[in-house]
A.B. asks: 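Supplied in structure tokens, the structure appears directly below.
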Amino acid sequence: MGHAAQDISSDVRVVFGANTRSNIAAELRRLNLSKALILATPQQGDAALEIAEYLGELAAGVFCKAAMHTPVEVTEVAMSHVAETQADCVVAIGGGSTTGLGKAIAYRTDLPQIVIPTTYAGSECTPILGQTENGVKTTLSDPKVLPEVIIYDSELVKTLPVAMTVTSALNAMAHAAEALYATDRTAGTTAMAVDGLKAFVNGLPKVLDDPSDLAAREATQRGAWACGTVLGQVGMALHHKLCHTLGGSFDLPHAETHAIILPHAIAYNARAVAKDLRPICDLLGGDNAGTALHNFATSMNAPTALRDLGMAEADLDRAADLATTKPYPNPQPVTRDDIRALLQAAWAGDTPIE
Ligand code: NAD
């Protein structure tokens with residue numbers, strides 16, 4: 001059965017193991033909770049219903065309308081279900097979109113959240129909430145938003161399609177890669193980032209060999225937890241800024257965009273902080289962390305070109321403008337021309353510019 005992990009943010013209870021979701025009722029009872037509103041996307045309704053079954057009389061309702069980028073309109077409908085069911089907690093089962101809805105409810109109500117992640121996005125480990133209203137995405141950080149319990153059940157990521165497994169893993173690795181040069185990093189966050197990267201470098205090839213290998217799936221979930229935790233603890237830079245711009249203004253899909261941009265953003269910053277990025281070369285080989293990530297991503301059959309996500313070449317100028325208007329801390333100075341060149345390479349699927 002499951003085992004609880006030591007967490008460097010000790011307020012969160014973290015459970016790993018195959019079939020740990022079936023113990024969900026015990027998790028509620030530990031917290032004296034008895035009326036859970038279960039959240040999912042429309043695609044994961046069955047998973048939500050299974051949790052409702054495990055919860056029995058502790059389930060107050062099921063709401064399966066979570067959507068990408070946490071639209072405020074969806075949260076408002078969910079809030080009416082919270083009121084109607086008099087829910088005393090939320091149970092979010094799914095990827096970052098479903099976790100986002102749970103966080104949006106917690107932000108408004110301070111209800112406890114139990115998150116059962118089914119991707120590697122890592123949102124369950126952070127006090128960060130991104131929401132979209134009238135097409136504009138804003139991000140806030142609040143301790144209320146940090147979930148109380150995370151249940152990493154390896155059986156749930158087993159159903160994650162292989163393509164999504166790869167892009168979601170690279171999304172997680174991006175948090176750890178940028179944590180290596182974060183200005184507010186500590187020895188603890190760096191060690192955790194390296195652990196997270198290592199878990200994916202070792203675990204992902206095994207998962208691709210046999211997607212139903214539960215031990216390998218659990219190893220990658222440990223990686224997701226480590227990468228998500230550092231995301232919540234240190235500031236991110238160029239890579240996350242570019243992905244936020246591309247996702248927010250050009251509607252590109254989250255995990256795929258991260259997978260494509262990561263090698264380019266890391267090669268860009270390797271010009272300034274090659275030494276801090278050395279752990280990536282140590283894990284993957286080679287002398288440039290960005291190129292090493294590119295080779296790893298390619299060997300996992302990850303998408304490499306923004307044009308394959310439907311982005312128009314004509315939009316690259318605007319993307320470069322948007323990504324460079326507001327200054328932010330980044331190891332390598334961010335110039336419009338350099339970012340335009342980076343985006344061109346990422347659009348075409350070229351190797352990163354070293
Ligand atoms: P997602 O939650 O949008 O999931 C994508 C699709 O895959 C959905 O249809 C979902 O139902 C389906 N899916 C998820 N797990 C599955 C499984 N095991 N089997 C089959 N289908 C499955 O994707 P994501 O990449 O996990 O999350 C992206 C969102 O999370 C973005 O909006 C992003 O901004 C947010 N995010 C937030 C933070 C944070 O700290 N606030 C961190 C990371 C990501």
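No experiment lies behind these values; they were computed from the predicted model shown. Both ligands and their constituent atoms are indexed starting at 1 by order of listing.
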A.B. asks: Between Lys137 and ligand 1, which part of the residue brings a heavy atom under 4.0 Å of the ligand: side chain, backbone, both or neither?
C.D. replies: side chain

A.B. asks: Determine whether Thr165 and Tyr120 satisfy the following criterion, side-chain contact (heavy atoms from CB on, under 4.5 Å), listing intermediate values before the conclusion.
C.D. replies: CA-CA 8 Å; Thr165 295; Tyr120 304 124; 3.8 Å; yes

A.B. asks: At a non-hydrogen distance cut-off of under 4.0 Å, which region of Thr41 contacts ligand 1 (side chain, backbone, both, or neither)?
C.D. replies: side chain

A.B. asks: Answer with side chain, backbone, both or neither: which part of His69 has a heavy atom less than 4.0 angstrom from an atom of ligand 1?
C.D. replies: both

A.B. asks: Ligand 1 and Leu231, any nitrogen or oxygen pair closer than 3.5 angstrom?
C.D. replies: no

A.B. asks: Side chains of Gln44 and Thr98 only: does a donor on one sit below 3.5 Å from an acceptor on the other?
C.D. replies: no

A.B. asks: So that I know where these two stand, are His258 and His254 an aromatic pair - ring centroids less than 6.0 Å apart?
C.D. replies: yes

A.B. asks: What do the steps show when you test Thr229 against Val12 for side-chain contact (heavy atoms from CB on, under 4.5 Å), and what is the final call?
C.D. replies: CA-CA 11 Å; Thr229 301; Val12 186; over 6 Å; no

A.B. asks: Where the closest heavy atom to atom 16 (C) of ligand 1 is concerned, which of Met164, Gln44, Met68 has it?
C.D. replies: Gln44

A.B. asks: Just verifying a value: how many Å separate Ile105 CD1 and Glu76 CD, rounded to the nearest 0.5 Å?
C.D. replies: 11.5 Å

A.B. asks: Considering distance alone, does some N or O of Asn171 sit under 3.5 Å from an N or O of ligand 1?
C.D. replies: no

A.B. asks: Where does the angle between the aromatic ring planes of Tyr152 and Phe16 fall among parallel (under 30°), tilted (30 to 60°) and perpendicular (over 60°)?
C.D. replies: parallel

A.B. asks: Classify the contact between Thr159 and ligand 1 as side chain, backbone, both or neither, using a heavy-atom distance cut-off of under 4.0 Å.
C.D. replies: both

